[in-house]
Every structure is written in structure tokens, then in C-alpha cells.
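Written out below as C-alpha cells is the structure these notes cover.
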Amino acid sequence: MRVTKPATLAEAIRFLSTNPEAKILAGGTDLLPRLNQKLEYHDLLCCLDDLPELQGISLTAGGGLYIGASLRLWELAETPALAGYLAIQQAAAKVASPQIRNQATLGGNLLQENRCMFFNNQVPWSDVNKCFKWGGNQCFQYKGSKECVALFQSDLAPAMMAHGAQAVLTGSGGERRMPVAELYLSAGRKAIAHDEVLTGLVLPPLPAGSRSAYRRWTIRGSFDFPLVSCAVRLKVEAGAVADCAVVFGSAGIMPKAIDTSLIMGMAAGDPQGLAQKLMPLINKAVAPFRDTRVNAGVRVDMAKDCMAKALAAVCSG
Ligand SMILES: Cc1cc2nc3c(=O)[nH]c(=O)nc-3n(C[C@H](O)[C@H](O)[C@H](O)COP(=O)(O)OP(=O)(O)OC[C@H]3O[C@@H](n4cnc5c(N)ncnc54)[C@H](O)[C@@H]3O)c2cc1C
């Protein structure tokens with residue numbers, strides 16, 4: 001295997017456009033295990049680690065924040081610059097283990113591969129090779145599905161969506177921006193071209209009276225992917241809900257936001273009332289299939305619990 005380490009973003013983009021077989025490597029905590037398990041094959045890696053354009057956090061002209069895609073998750077979790085964006089910091093602090101958070105990047109987290117217990121835990125000669133991810137025509141996780149429905153288990157994606165983050169992509173065609181939600185397409189595909197690099201994220205300024213929180217369910221307390229998670233951002237004006245975003249992670253092939261218009265104007269001091277109002281929407285938001293270790297009904301219950309806890313946290317100030 002060959003690994004190239006471009007010195008600048010322009011060099012990286014040139015390399016990617018002239019080497020269609022090259023694969024981007026950031027922290028490697030998602031990609032390298034897949035290569036080791038022989039779930040993917042790449043002979044040529046393009047390591048983005050030291051690109052200056054992907055580093056750091058800075059203030060934007062509009063009063064928001066620009067976060068470089070190479071920011072390590074430990075830094076995301078601990079930097080005082082992000083103190084008001086609590087859901088993002090809580091999500092970053094929950095990913096995997098301290099060792100992984102020291103190495104893993106924000107960009108890699110948002111663009112990690114979707115996971116499925118049948119694909120990720122299988123040996124190459126197993127019958128599951130006939131699944132969509134192996135180029136077959138069956139889904140073992142959700143029988144009858146016409147495409148791969150492997151879960152997208154990023155912790156950062158729902159938190160970024162709840163805060164209205166924009167992804168900044170740079171490629172040979174120049175720079176473009178899109179809401180993080182639009183990065184995710186059907187069957188686990190991402191809306192990013194081969195010669196495009198996710199260079200960073202732009203967070204809008206925090207409106208006065210805003211609070212956010214992130215809660216997740218896992219089998220183990222640490223070192224585990226979320227079974228389901230929920231990010232909530234709430235803006236309170238004169239004691240009432242003036243704006244609210246609720247986004248579920250590990251909900252299906254992409255994070256799912258629910259419509260919160262039902263709770264506008266309701267008392268922000270009554271998190272249980274807010275949760276009750278939104279509960280019925282969760283059945284549609286969380287995909288009805290067996291996840292890595294829990295069945296559909298339990299996944300929905302866990303999603304309700306995550307949302308109730310996140311709402312309670314933001315309502316308590
Ligand atoms: C044991 C274990 C537990 C884990 N637990 C969690 C968890 O709880 N929550 C969670 O969210 N994740 C978890 N992960 C997954 C992974 O560690 C994280 O998602 C991590 O943030 C990935 O970042 P990375 O920099 O290592 O990505 P990499 O592995 O380097 O890259 C991941 C993917 O993104 C692409 N990519 C990376 N950066 C860019 C860029 N700037 N532009 C374009 N493409 C890019 C790569 O080509 C690759 O396909 C876990 C992994 C392991 C091994």
C-alpha cells in the first residue's frame with residue numbers, strides 16, 4: 001500500500017483528481033479497521049493529516065465559527081471556543097475511547113462509513129457476502145430492502161445538524177457549502193465527489209437564549225458506537241420555546257431531524273410536556289429494523305428516552 005502526504009490542499013486535490021483509485025485518510029480510526037478486516041481494499045491512500053487549510057477554529061465574519069475538518073475529537077470536546085455549542089462538545093466527548101478521540105478527526109467522523117452487524121462482523125467467505133455492501137442484492141439487516149440500510153452511527157452529525165452547521169467542500173471545481181444534513185444520501189452514500197475534500201464546518205452564531213444537549217444509548221458506557229442518539233437545540237424567549245431542533249443519530253442510513261413546530265410557544269419549563277408532544281414523531285424518524293444488538297421497538301424506546309433526557313437538560317438551563 002502506498003500513502004501520499006500532500007503539503008497543501010491544492011496539492012491534495014490535484015492528486016485526488018489524477019488518481020481516481022486514491023482514498024482519503026484522516027485519523028484512520030474508521031478506515032484502517034475496515035482495511036484490516038478486508039471489508040475494503042485500497043492500494044493508494046491520500047493522507048490529509050498536516051494540511052494547514054484543515055486546521056484550527058476561527059471566528060467567521062458573521063459571528064459564527066469555522067472549524068477545520070482535521071480538528072481532533074478531544075479538542076472539539078474540550079476547546080472553550082465551543083462552550084456554547086454544548087451538544088457538539090457532549091457528542092465529541094462520547095465518541096469511542098480517549099485513545100480514539102486523540103486520533104479521530106471531525107471530518108472523518110462526519111464521513112465515516114455506515115455500519116451493519118452483518119457486514120462489519122463477517123468474515124469474507126461468509127454467506128453475507130451477498131449483501132449490497134459486497135455488491136450483492138440482499139439486505140440481511142432489513143429483509144426485503146431494495147438497498148443497503150446500514151446505520152450511520154456518527155455522534156457528531158446529529159449535533160452539527162441541530163446547530164445548523166454548513167459543510168465546506170473544496171475540489172477541482174472550487175468551494176461549495178451545504179447543510180450537513182445534505183451530505184447524506186441513500187444507501188449510505190455521501191454527497192462528496194472523489195476529488196473533493198471536506199475542509200471544514202461553519203457554525204452559525206448562537207442566538208441569545210440558546211441551549212443544546214446530546215444524549216445517546218450504548219451497550220457499554222464507553223468505547224461503543226451509539227445504538228441511537230438525540231441532539232436538541234432550544235431557543236427560549238420569555239419562558240417559551242421560540243426555536244427548537246431535534247435530530248436523531250443512528251436513526252437509519254442518515255441522521256433524522258423531526259418537525260418541532262408543534263412545540264413552538266409552549267412553556268420551556270415543562271420538558272415532559274414538550275417530550276410528550278414530540279414522542280409520536282419518533283416512530284417515523286427511527287428506522288424500523290433490528291440494529292446491531294437491539295430490535296426496532298427497543299430502538300424507538302431508546303430514542304424517546306434520549307430525547308426526553310436532552311430536552312430535560314436544555315430546559316433546566
Ligand atoms: C472501536 C471504535 C469505536 C468507535 N466508536 C465511535 C462512536 O462511538 N461514535 C462515532 O461517531 N464513531 C465511532 N467510531 C468511528 C471513528 O473512530 C470516528 O467516526 C472517527 O471520528 C473517524 O475519524 P477519522 O479521522 O479517524 O476518519 P478516517 O478513518 O480517516 O476516515 C473516515 C472516512 O472519511 C473519509 N474522510 C476523512 N476525512 C475526510 C475529509 N476531510 N474529506 C473527505 N473525506 C474524508 C475517509 O476517506 C474515510 O472514508 C469508532 C471507531 C472504532 C474503531
Side-chain angles (χ1 to χ4, degrees), residues 3-6 9 12-13 15-16 19 21-37 39-42 44-55 67-77 88 90-115 120-121 150-160 167-171 175-176 180 183-184 188-201 214-229 231 249-250 254-255 292:
V3 182
T4 187
K5 225 170 170 194
L9 179 60
I13 292 167
F15 182 81
L16 290 166
N19 292 278
E21 77 282 21
K23 179 81 176 163
I24 289 177
L25 173 74
T29 62
D30 176 52
L31 180 62
L32 296 181
R34 288 206 306 281
L35 297 184
N36 286 338
Q37 288 174 272
L39 300 175
E40 262 182 56
Y41 300 88
H42 300 286
L44 185 55
L45 300 183
C46 176
C47 180
L48 302 182
D49 225 15
D50 295 332
L51 294 187
E53 296 88 343
L54 273 61
Q55 313 295 330
I67 313 175
S70 283
L71 205 78
R72 288 333 204 224
L73 299 188
W74 75 265
E75 203 177 347
L76 203 57
I88 293 173
Q90 290 175 337
K94 286 291 179 190
V95 173
S97 61
Q99 290 87 346
I100 290 179
R101 292 195 292 276
N102 285 343
Q103 176 69 13
T105 66
L106 168 60
N109 191 280
L110 296 176
L111 294 172
Q112 65 181 275
E113 190 60 41
N114 289 28
R115 299 171 59 84
N120 287 79
N121 297 330
L151 281 185
F152 182 60
Q153 292 182 288
S154 159
D155 278 299
L156 265 311
M160 287 289 174
V168 183
L169 304 171
T170 314
E175 183 187 294
R176 63 189 178 113
V180 166
L183 280 174
Y184 307 112
R189 292 174 303 117
K190 312 288 187 298
I192 175 165
H194 174 77
D195 66 348
E196 272 185 320
V197 172
L198 173 64
T199 41
L201 277 289
Y214 180 77
R215 295 293 183 269
R216 68 178 208 166
W217 264 99
T218 50
I219 296 281
R220 295 173 293 187
S222 76
F223 214 133
D224 225 341
F225 284 90
L227 295 167
V228 72
S229 66
S250 301
M254 61 187 78
T292 42

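Sequential numbering from 1 along the given sequence is applied to the chain's residues. In each ligand, atom 1 is the first atom listed, and ligand 1 is the first ligand listed. Just so you know, these numbers come straight off a predicted model, no measurement behind them.
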Note to self: The criterion is salt bridge (Lys or Arg N to Asp or Glu O under 4.0 Å); which residues satisfy it with Lys23, sequence neighbours excluded?
What the structure shows: none

Notebook entry, point to check: Would you say Arg216 contacts ligand 1, with heavy atoms under 4.0 Å as the rule?
Noted result: yes

Check: Got Asn102 and Arg72 here, is their nearest side-chain heavy-atom distance under 4.5 Å?
Finding: no

Item checked: Thr199 (side chain) donor-acceptor with Val168 (main chain) under 3.5 angstrom -> yes

Next item on the list: Measure Asp224 to ligand 1 on non-hydrogen atoms and call it side chain, backbone, both or neither using the 4.0 Å cut-off.
Entry: backbone

Checklist line | For Ala150, side-chain contact (heavy atoms from CB on, under 4.5 Å) partners two or more places apart | finding: Asn114, Cys116, Lys133, Cys148

Check: Is it the side chain (CB and beyond), the backbone, both or neither of Ile192 that lies under 4.0 Å from ligand 1, heavy atoms counted?
Finding: side chain

Check: For Gly107, is at least one N or O under 3.5 Å away from an N or O on ligand 1?
Finding: no

Next item on the list: Consider ligand 1: state whether an atom of it lies below 4.0 angstrom from any non-hydrogen atom of Arg34.
Entry: yes

Note to self: Under 4.0 Å, heavy-atom basis, I'd like to know which part of Ile100 is in contact with ligand 1: side chain, backbone, both or neither.
What the structure shows: side chain

Check: Among the heavy atoms of Glu113, does any lie under 4.0 Å from an atom of ligand 1?
Finding: no

Check: Taking the side chain as C-beta and beyond, is there a heavy-atom pair between Gln90 and Arg215 under 4.5 Å?
Finding: yes

Next item on the list: Would you mind telling me if ligand 1 is within reach of the side chain of Leu106, the backbone, both or neither, using heavy atoms under 4.0 Å?
Entry: neither

Notebook entry, point to check: Does an N or O anywhere in Leu31 fall below 3.5 Å from an N or O of ligand 1?
Noted result: yes

